[in-house]
Amino acid sequence: MRTGSEPRTARSALRARFWLSLWGLVWALFGTVAFAIAGRSGWAIACGVLLLIVTVDLAVVLRHIRQGPHYQPGPDIPPYQPPDDRA
């Protein structure tokens, strides 16, 4: 049940997503280089595309981390009362 205090108490998994993206970046880079050396151009291109996607995701995650926590509703908007579903 929502209480209205979620923006202040919510936890974000940005740090975990950062480390997973970094791990994916390393493996995609390794795969791109390894397949290029082995002469498997199709797999090298696939890993290169994955490398691009992971790089963009890492940039987005870093941007969100640098923005820091921010409370979205204004100070004049009070939290709403949770519904009373008791029977």
Side-chain angles (χ1 to χ4, degrees):
M1 173 180 7
R2 292 181 50 115
T3 63
S5 65
E6 285 81 7
R8 285 180 278 143
T9 60
R11 299 284 180 174
S12 176
L14 285 176
R15 300 249 185 248
R17 192 170 152 196
F18 168 76
W19 289 111
L20 288 172
S21 292
L22 200 60
W23 182 252
L25 185 79
V26 169
W27 277 106
L29 182 63
F30 173 75
T32 303
V33 172
F35 284 124
I37 291 172
R40 302 280 189 149
S41 60
W43 284 103
I45 291 171
C47 285
V49 169
L50 184 61
L51 180 66
L52 180 65
I53 292 170
V54 170
T55 304
V56 169
D57 182 53
L58 189 60
V60 169
V61 168
L62 286 174
R63 180 175 176 263
H64 284 278
I65 288 174
R66 285 189 183 131
Q67 282 180 345
H70 45 277
Y71 182 74
Q72 293 177 359
D76 57 334
I77 301 173
Y80 68 89
Q81 293 295 323
D84 189 19
D85 292 336
R86 295 183 217 152

* Asked: Are the side chains of Leu14 and Phe18 in touch, meaning some heavy atoms are under 4.5 Å apart?
  -> no
* Pairwise side chain to side chain donor-acceptor pair (under 3.5 Å) hits with a residue in residues 45-55, at least two apart -> none
* Leu22 and Ile65: same hydrophobic cluster, using ILVMFWY side-chain contacts below 4.5 Å? -> yes
* Structure fact -> Rounding to 0.5 Å, atoms CG (Leu25) and CG (Leu52) come to a distance of 10.5 Å
* Asked: Mind checking what makes salt bridge (charged side-chain N to carboxylate O under 4.0 Å, His left out) contact with Arg17, not counting sequence neighbours?
  -> Asp57
* To do: Just jot down the ring-ring contact (aromatic ring centres under 6.0 Å, His included) partners of Phe30, sequence neighbours excluded, or say none.
  => Trp27
* Where Ala36 and Ala44 come nearest, the two heavy atoms and their spacing -> N-CB, 3.8 Å
* To do: Flag yes if Ile53 and Val33 sit in one hydrophobic cluster, no otherwise; membership is Ile, Leu, Val, Met, Phe, Trp, Tyr, and two members link when side-chain heavy atoms are under 4.5 Å apart.
  => no
* To do: Identify, with sequence neighbours excluded, every residue that meets side-chain contact (heavy atoms from CB on, under 4.5 Å) alongside Leu20.
  => none
* Asked: Trp19, Leu50: one ILVMFWY side-chain cluster at the under-4.5 Å cut-off?
  -> yes
* Under the side chain to side chain donor-acceptor pair (under 3.5 Å) rule, what pairs show up with a residue in residues 29-43, not counting sequence neighbours? -> none
